[in-house]
Structures are given as structure tokens and as C-alpha cells.
Amino acid sequence: MTDNELKQIKMFVLDELRTLYTKPTVNLWFEPMKVVSLNTETVTVSLPQSRKTFVETQYYDILKAKFSEILGFNAELVLISDEEEAELPEEEEEEIKPKSAYKIRFNPEYTFENFVVGKSNQLAQSASLAVAKHPAELNNPLFLYGPSGLGKTHLLFAIVNEIRKNHPDYNILYVTGEEFTNELIESLSMKKPMVFREKYRNLDVLLVDDIQFIAGKLSVQEEFFHTFDTLFKMNKQIILASDCAPKDIDNLEDRLKSRFVMGLVADIQPPDLELRVAIFKRKAMDFGYDLELEILYYLAKNITTNIRQIEGALKKLKAHTLITGQVCDYYVAKEVLSEFFVNAKSEESIIDRIFAFAEKRYGISREEMKSSKRNADIIAARHYAIYLIRKTTNLSQNSIAKLFNKKDHTTVINSIAFIERKMKNEPGFERELLSAIAELRS
Ligand code: ADP
Ligand code: MG
């Protein structure tokens, strides 16, 4: 592990300790820690002699527990003094990676440096960078939104990593809307709401990913409202990410919607071909590949909606070239990946294509189709998409309803009836739909 990664592990442990102890306590006893080394069993931490004895007698168990939690395994904790550290021989360490739930938090590779910028994400990126450089000075709260797989979480971690660099003493917390919810419920059931509040209201920076998760849950929204207000009044930075704009989050209280738009709202749109090529080039480099432009274009043409898929494709390619020893030229890439794309052309991508059809035909975005809005043209696009999904996939009516954020399958039945009637009355429409179905099935 690099020094930076070791430092980051310390940061995570400090974040956890700050939820338990006061700032002076953490600063006095834990801040001077240094994670000296780490292997699959043992984490070695050095402290000035003046702190070591006290920490060892008073805080050993909790410290060990927190390291274990962050690392994802039951770690042996060895405390040494800084003098002992100086005498330590240099040794080769085994490569290890944290593997717990914290893994996602431990994400030093999501940085601004490796976030590729283009038209569709430029506003979100520059706003994030501004917030990272000047927390709580501009754009508070910052609200990022856009469809899945386009880099929202990447940007949130880039902000965390950047702020950590410049303000190592800041109390920063990244959670998902779901984690916030679960933690709140747990604290209430354990009758410890104060612990929860203390944790959330003593932050310098709070990032909540997938905030839309709290919609429809009254007590969670209530608690989040007060968390938000408390931090905001103390001039602390809040950053939120969601799959749609605040006004489009169904069942979200108005007072939250209005607060979410008080700072800066920035969307991320699907990347165009040029940006996809640039992102793929960058990702390929991270995989140790310098891929020909032709291959990059081939990839970019086939992966259009979700950047996450690129990693799957590159892994596949890497595995193939490692096993066969073949050089990765265009033909090899095409052969290996066409298989990958065929396999990936499962339900998910059929649904994706259906949404693309419907978007093109009606000029309505898939977010709108999935929303509860009831304008005539949105309803028409929704019926069209639902009908095609029902006819070309094996999804149950209930799963389709869920996909459209509907509680039960009556929506699906209505859509099918609506489209079948329309097909009867309009032969042109029927022909169009039948050929769409044939194309999707091919
Ligand atoms: P979201 O949170 O919006 O669903 P993620 O942040 O998880 O999306 O991004 C999915 C994957 O795509 C991640 O591996 C991320 O690094 C990558 N990615 C997305 N946008 C970019 C970009 N502009 N440059 C580099 N990588 C990107
Ligand atoms: Mg995300």
C-alpha cells in the first residue's frame, strides 16, 4: 500500500472516532497516529511515546475495533512508539486491499484527475471542483443529478479526496440515502437518536449519494431536514446526488425540494461519442492498455448509456489477451467483445433500447416516463415503452411496474390495452410497432 493509502485509512478511522469522542479528544490522542504498515493480519500504528501508553490502556479495544471495521477483517493492532518506528527495518509487504463495506468509501482512484470532462458533464465537474477547493464558500448545497453510471459517485469521491488533501482536520462523511435511512432507523430502535444527531450535525462536509432514496419516508425526511438545516446554518458544505432533479423526485417534501435548489443544481447528461471515446481511452490506460483508436470507437459505439459497462468489457479483453498471449489489435478486440456485447444484450440492454426508441419517437426522457407526471405526451411515451418491454422481455407485469416506479401492475395492463386499441385503429402505428418488436428481438 502506498503512504497515501495508509494515510487514508487513518482518516477513515479518525472519522469514525469523531463520532464517538469530542474533537479535542480525537485531536489530542488519535490525530498524531501514523499507520506504519498493514498486511493481511496486522496493522501497525505508531504514536509519540507521550500518547502511546495512554492510548494503549484507554483506547486499545475501540481502536482495534475501528481498524477492523474499516479494513473488513479482524485486524491485530500493534501500537509502537515513534522511536520504535524509526528503528523498524524496511520490509516487503503483502499487497492487501480493504474488503469490507467500507471498500466503497476507500476509493482513492475516484479523483478529478481521472474524471474525463466533456460537454455533458462539464457543469457538474466544475461545480464539484469549486466546492472541493472552497468548501462552504460557493454552491451550498451542491446538487448533482443524472442517470445511473455517468459519474455522480465518482465526482462525490473526487470531492472527498480533494478536501481531505487540503483539510485533513475536516470531519467529512459520505453516505448513501439508504445508509442514512438505515442508520436513523437503527438509532431510533436502539433509543439512541442523540448519537445519530451528534454524528450528523458535527460535520464539516456531508455528502449524501442517491438522496432520492429518502423520498416517501416521512420520519427520514424529517430528520434529514433538520440535519440539513443545522449544517447549513453553521455554514457547512452539503453535497447531494440523485437520479433526477429535485423537482422530479416523487414523494419528496416541498421544503426539502426548495432547500436542495438553494445552491447550485448541476445535471450530468449521457456522454456523446467523442466523450465516450475519451473516457474509454482513459479507462483502458488504467487497465494498462493503449488501445487503437479504432477499437476505442468500436467500444464507444457499442456502449452508449452506462460507463460502468466499459470496465466489464475491458476486463474481458484483458483476460483474453492474458490467457492467449495474443496482441490486442482491432480484430481480437472485436471478436472478444462482440461476444461480450451479445451476452450483455440481455434484458437490460433491450430495455435500454426501448427507452431510446420511445425517447426518439416522443421527445420525452426516460426519467419522465418513469416519473408520475401525467401530461398526455408523457403518458403516451410511457404506454409505448411499457408495451414494448412486455412484448420483448420476460419481465413480469409487477417488475415492469416497478421499473416505472408504480406500485402495482394495473399501469401495465392499462398500457397494453391502450396500445392494442391504438394499433387496431391505426394500421401505420401497428406496422411501426411490429417492426420495432422484430428489431428488438433480432
Ligand atoms: P453514478 O454514480 O452516476 O451511477 P459512477 O460514478 O458510479 O456513476 O460511475 C460509473 C463508472 O463510470 C465509474 O467507474 C466511474 O469512474 C466511471 N465514469 C463515469 N464518468 C466518468 C468520466 N467522466 N471520466 C472517467 N470515468 C467516469
Ligand atoms: Mg452512484
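Order of listing sets the numbers, starting from 1, for every ligand and every atom in it.
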Trainee: Can we say K199 and E223 salt-bridge, meaning some charged N sits less than 4.0 Å from an Asp/Glu carboxylate O?
Mentor: no
Trainee: Check this for me, if you would: do K165 and E162 make a salt bridge, where the nitrogen-to-carboxylate-oxygen distance has to be below 4.0 angstrom?
Mentor: yes
Trainee: Got a salt bridge between E432 and R361, using NZ or NE/NH1/NH2 to carboxylate O under 4.0 Å?
Mentor: yes
Trainee: With respect to atom 8 (O) of ligand 1, which of P271, G151, A158 exhibits the smallest heavy-atom separation?
Mentor: G151
Trainee: Does T153 bring an N, O or S atom to within less than 2.8 Å of the Mg ion (ligand 2)?
Mentor: yes
Trainee: Considering V116, L156, I268, which one's heavy-atom position lies nearest to atom 24 (N) of ligand 1?
Mentor: V116
Trainee: What residue and atom, counting heavy atoms only, is the protein's closest point to atom 7 (O) of ligand 1, and at what distance?
Mentor: R308 NH2, 3.0 Å
Trainee: Do other residues, nucleotides or ligands put more than 12 heavy atoms under 6.0 Å from D290 CG?
Mentor: no
Trainee: Got a salt bridge between K373 and E367, using NZ or NE/NH1/NH2 to carboxylate O under 4.0 Å?
Mentor: no
Trainee: Which of the numbered atoms in ligand 1 are below 4.0 angstrom from a heavy atom of N114?
Mentor: 24 (N), 25 (C)
Trainee: If the threshold is 4.0 Å, N to carboxylate O, is there a salt bridge linking D210 and K152?
Mentor: no
Trainee: With side chain to side chain contact (heavy atoms under 4.5 Å, CB included) as the test, pick out the partner of V131 among L138, L264, I239.
Mentor: I239
Trainee: Using a strict cut-off of 4.0 Å, indicate which atoms of ligand 1 neighbour a heavy atom of N121.
Mentor: 23 (N)
Trainee: Could you identify the single nearest non-hydrogen protein atom to atom 18 (N) of ligand 1 and state the distance to 0.1 Å?
Mentor: I307 CG2, 3.6 Å
Trainee: Can you tell me which residue and heavy atom of the protein come closest to atom 14 (O) of ligand 1, and the distance to 0.1 Å?
Mentor: E311 OE2, 3.1 Å
Trainee: Within a distance under 4.0 Å of any heavy atom of K283, pick out the atoms of ligand 1 and give their elements.
Mentor: 14 (O), 15 (C), 16 (O), 17 (C), 26 (N)
Trainee: Under 4.0 Å from any heavy atom of S148, which atoms of ligand 1 are there?
Mentor: 4 (O)
Trainee: Looking only at protein heavy atoms, identify the closest one to atom 13 (C) of ligand 1 and say how far it is in Å.
Mentor: Y110 OH, 3.4 Å
Trainee: Counting each atom of ligand 1 from 1 as listed, which ones have a heavy atom of T153 under 4.0 Å away?
Mentor: 1 (P), 2 (O), 6 (O), 7 (O)
Trainee: Among protein heavy atoms, which lies nearest atom 21 (C) of ligand 1, and at what distance?
Mentor: F115 CE1, 3.7 Å
Trainee: What's the shortest distance from atom 15 (C) of ligand 1 to any protein heavy atom, and which residue and atom give it?
Mentor: H154 ND1, 3.4 Å
Trainee: In the protein, what heavy atom is nearest to atom 4 (O) of ligand 1, and what distance, to one decimal place, separates them?
Mentor: G149 N, 2.6 Å
Trainee: Is a salt bridge present between R276 and D272, judged by a nitrogen-to-oxygen distance below 4.0 Å?
Mentor: no
Trainee: Using a strict 4.0 Å threshold on nitrogen-to-oxygen distance, state whether D352 and R366 make a salt bridge.
Mentor: yes
Trainee: Using a strict 4.0 Å threshold on nitrogen-to-oxygen distance, state whether R18 and D15 make a salt bridge.
Mentor: yes
